[in-house]
Amino acid sequence: MNPQLAESAFLRACRREPVPHTPVWFMRQAGRSLPEYRRVREGHAMLTACATPDLVVEVTMQPVRRYGVDAAIFFSDIVVPLKAIGVDLDIKPGVGPVVESPIGDHAGVARLRALEPDDVPYITEAVESLVKELDGTPLIGFAGGPFTLASYLIEGGPSKNHDRTKAMMYGEPELWHELMDRLTTITLAFLRVQASAGASALQLFDSWVGAVAPEDYRTYVLPHTGRIFTELADLEVPRIHFGVGTGELLRLMGEAGADVVGVDWRVPLDEAALRVGAGKALQGNLDPAILLAPWKVVEERARGVVERGRVAEGHVFNLGHGVLPSTDPGQLARLTDLVHEVSAR
Ligand SMILES: O=C(O)CCc1c2[nH]c(c1CC(=O)O)Cc1[nH]c(c(CC(=O)O)c1CCC(=O)O)Cc1[nH]c(c(CC(=O)O)c1CCC(=O)O)Cc1[nH]c(c(CCC(=O)O)c1CC(=O)O)C2
């Protein structure tokens, strides 16, 4: 391993080891908020871009060059592995992923075959190139969580209340678990491809799982997320588990087995540390909308996040969810420097 990588503040914080400063990266740090991203993406549809290694490498590198963040996040999307196994879906600008034939029965579930590394050669190629280009800055690989993927497949697109998803979960639990099991198998394979190609950490984005109550999380989701983190343990890379609106689920998400639990902006990190319990690092949790306010507001709030983060056994500074497309990149540059400065030990 690159010696710089072994000593990276990001990997050390994930492992709950002492750090020279609190490491920083931002969900969606690569993407629409950057003018250089918008230029590179011109004329390329999102899913085509995700399957073009040169483009993926360039976009992933952009925020690393611009901000000096402590980790890169692989540029892709949560629906890429589903597309790769033949699900008819597209990403519609301004909407999100849209599935041509939503899944509602056994036949639909049965069509979700396992993902083989040969289905995604462009992922292996892009990760391998990135690891070289990053030269010691860790690369985070990622996948969507099974609940979030299930919701897209069942609803056919983004959904406010996940009605059909919950109708299947409560009404046809056997079918639900079969669907979740297949998605878990696909997710595991997709994460393994990225780790084998050299990703230094893996994040599971179960962005929508905050829609379920704790007892339902335990019954309908935890068996599957638990399998993901257990089966990834042999890779010896930090595993991060993130969701939005998960204040009541933090303890269970910790139980699922990740090393790091991502927290959105709704729960202060000192409180989150109590909820998650011992033996975990935390990641988060500045409200991304704060970045739309004047710098002095950002500064005051960011200092608060760093301060509360000291209570956690390890802290990776991040936003509570992705960078909003209208964010001024100048704010993110200042924020990266500020966190490094105020947390320097
Ligand atoms: O508004 C739109 O045009 C569709 C956006 C959308 C996409 N996937 C989607 C959504 C729904 C949503 O996020 O609300 C669906 C999507 N993609 C993703 C998530 C997980 C999450 O954000 O909580 C979700 C589900 C979250 C949700 O639907 O609320 C994850 C994602 N997309 C992406 C990345 C890669 C990256 O940022 O490096 C990542 C993961 C890493 C990260 O957060 O940093 C990239 C991505 N996907 C997408 C876009 C926009 C399309 C474009 O530039 O042409 C972009 C780039 C950007 O965000 O600026 C498409």
Side-chain angles (χ1 to χ4, degrees), residues 24-52 55-64 66-67 69 71-83 89-99 123 126-127 130 134 138-153 155-162 165 187 190-191 194 199 201-211 240-246 262-265 283-285 288 316 318-327 329 332:
V24 188
W25 71 279
F26 306 110
M27 291 182 276
R28 303 278 179 115
Q29 64 191 14
R32 288 166 291 178
S33 62
L34 292 177
E36 58 268 39
Y37 169 79
R38 295 194 296 267
R39 270 198 301 276
V40 168
R41 275 290 317 282
E42 250 169 54
H44 305 277
M46 179 63 188
L47 286 170
T48 313
C50 292
T52 310
L55 214 145
V56 170
V57 170
E58 168 56 23
V59 170
T60 302
M61 291 304 297
Q62 287 174 347
V64 179
R66 195 189 249 265
Y67 304 131
V69 280
I73 178 88
F74 186 63
F75 185 77
S76 187
D77 193 78
I78 58 167
V79 296
V80 164
L82 300 178
K83 181 81 180 174
L89 61 81
D90 202 0
I91 294 181
K92 295 234 159 38
V95 180
V98 176
V99 178
I123 299 286
V127 171
L130 271 166
L134 282 161
L139 176 68
I140 305 169
F142 75 93
F147 180 89
T148 303
L149 294 179
S151 177
Y152 270 114
L153 287 174
E155 310 282 344
S159 156
K160 199 161 163 218
N161 297 318
H162 313 280
T165 309
T187 296
F190 191 60
L191 290 171
Q194 296 172 70
L202 297 171
Q203 174 156 329
L204 191 73
F205 281 87
D206 216 351
S207 311
W208 287 352
V209 79
I240 310 169
H241 194 182
F242 170 77
V244 181
T246 51
V263 183
D264 79 1
W265 60 91
Q283 179 173 279
N285 76 341
V316 176
N318 205 314
L319 305 179
H321 199 184
V323 173
L324 298 167
S326 59
T327 305
L332 289 170

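Read the numbers this way: they start at 1 and go in the same order the structure lists the ligands and their atoms. For the numbers below, each heavy atom of this structure counts, side chains included, while hydrogens, waters and symmetry mates do not.
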Protein residue, atom and distance nearest to [atom], heavy-atom basis:
{"atom": "atom 16 (C) of ligand 1", "result": "Arg28 NH2, 3.4 Å"}
{"atom": "atom 25 (C) of ligand 1", "result": "Ile78 CD1, 3.5 Å"}
{"atom": "atom 60 (C) of ligand 1", "result": "Ile91 CG2, 3.5 Å"}
{"atom": "atom 46 (C) of ligand 1", "result": "Met46 CE, 3.2 Å"}
{"atom": "atom 47 (N) of ligand 1", "result": "Asp77 OD1, 2.8 Å"}
{"atom": "atom 6 (C) of ligand 1", "result": "Gly96 CA, 4.0 Å"}

Checking side-chain contact (heavy atoms from CB on, under 4.5 Å) against Phe74, which of Leu130, Ile140, Val57 comes through?
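Exactly one candidate clears the test, Leu130.
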
Please list, in number order, the atoms of ligand 1 under 4.0 Å from a heavy atom of [X].
{"X": "Tyr37", "answer": "52 (C), 53 (O), 56 (C)"}
{"X": "Pro93", "answer": "3 (O)"}
{"X": "Tyr152", "answer": "11 (C), 15 (C), 25 (C), 27 (C), 28 (O)"}
{"X": "Ser207", "answer": "20 (C), 21 (C), 23 (O), 26 (C)"}
{"X": "Pro97", "answer": "8 (N), 9 (C), 10 (C), 15 (C)"}
{"X": "Phe74", "answer": "35 (C), 38 (O)"}
{"X": "His321", "answer": "21 (C), 22 (O), 23 (O)"}
{"X": "Ala30", "answer": "36 (C), 37 (O), 38 (O)"}

Taking C-beta and beyond as the side chain, do [X] and [Y] meet within less than 4.5 Å on heavy atoms?
{"X": "Ser159", "Y": "Thr165", "value": "no"}
{"X": "Thr148", "Y": "Phe205", "value": "no"}
{"X": "Val80", "Y": "Ile123", "value": "yes"}
{"X": "Thr48", "Y": "Leu55", "value": "no"}
{"X": "Ile78", "Y": "Phe142", "value": "yes"}

Looking at non-hydrogen atoms alone, which of [options] comes nearest to [atom]?
{"atom": "atom 29 (O) of ligand 1", "options": "Phe26, Phe75, Trp208, Phe205", "result": "Trp208"}
{"atom": "atom 50 (C) of ligand 1", "options": "Arg32, Lys92, Arg38", "result": "Arg32"}
{"atom": "atom 54 (O) of ligand 1", "options": "His44, Arg41, Gln203", "result": "Arg41"}

Would you call the rings of His321 and Phe242 parallel, tilted or perpendicular, taking 30° and 60° as the class edges?
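His321 vs Phe242 ring planes: tilted.
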
Look up atom [atom1] in [X] and atom [atom2] in [Y], then write down how far apart they are to the nearest 0.5 Å.
{"X": "Thr327", "Y": "Leu319", "atom1": "OG1", "atom2": "CG", "result": "8.0 Å"}
{"X": "His162", "Y": "Trp208", "atom1": "NE2", "atom2": "CH2", "result": "5.5 Å"}
{"X": "Gln29", "Y": "Ile73", "atom1": "CD", "atom2": "CD1", "result": "7.5 Å"}

State whether any protein heavy atom lies less than 4.0 Å from atom 14 (O) of ligand 1.
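Within 4.0 Å of atom 14 (O) of ligand 1, no protein heavy atoms are found.
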
Any N/O of Gln29 closer than 3.5 Å to an N/O of ligand 1?
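Gln29 vs ligand 1: no N/O contact under 3.5 Å.
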
Val69 to Trp25 - nearest heavy-atom pair and separation:
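Scanning both residues, the minimum pair turns out to be CG1-CA, 4.1 Å.
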
Does Ser76 have a heavy atom less than 4.0 Å from any atom of ligand 1?
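In this structure, Ser76 qualifies as a contact of ligand 1 - some heavy atom is under 4.0 Å.
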
Looking at ligand 1, is there an atom of it that comes within less than 4.0 Å of some heavy atom belonging to Gly94?
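Yes, Gly94 has a heavy atom closer than 4.0 Å to ligand 1.
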
Checking Arg41 side chain against His44 main chain: does a donor-acceptor pair fall under 3.5 Å?
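Yes, the answer is positive, given that a donor and an acceptor are paired below the 3.5 Å cut-off.
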
May I ask you to decide if Val244's main-chain N or O and Ser207's side chain share a donor-acceptor pair within less than 3.5 Å?
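No.
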
Examine the proximity of ligand 1 to Phe142 and report which part, side chain or backbone, both or neither, has a heavy atom under 4.0 Å away.
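It is the side chain that touches ligand 1; the backbone stays farther off.
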
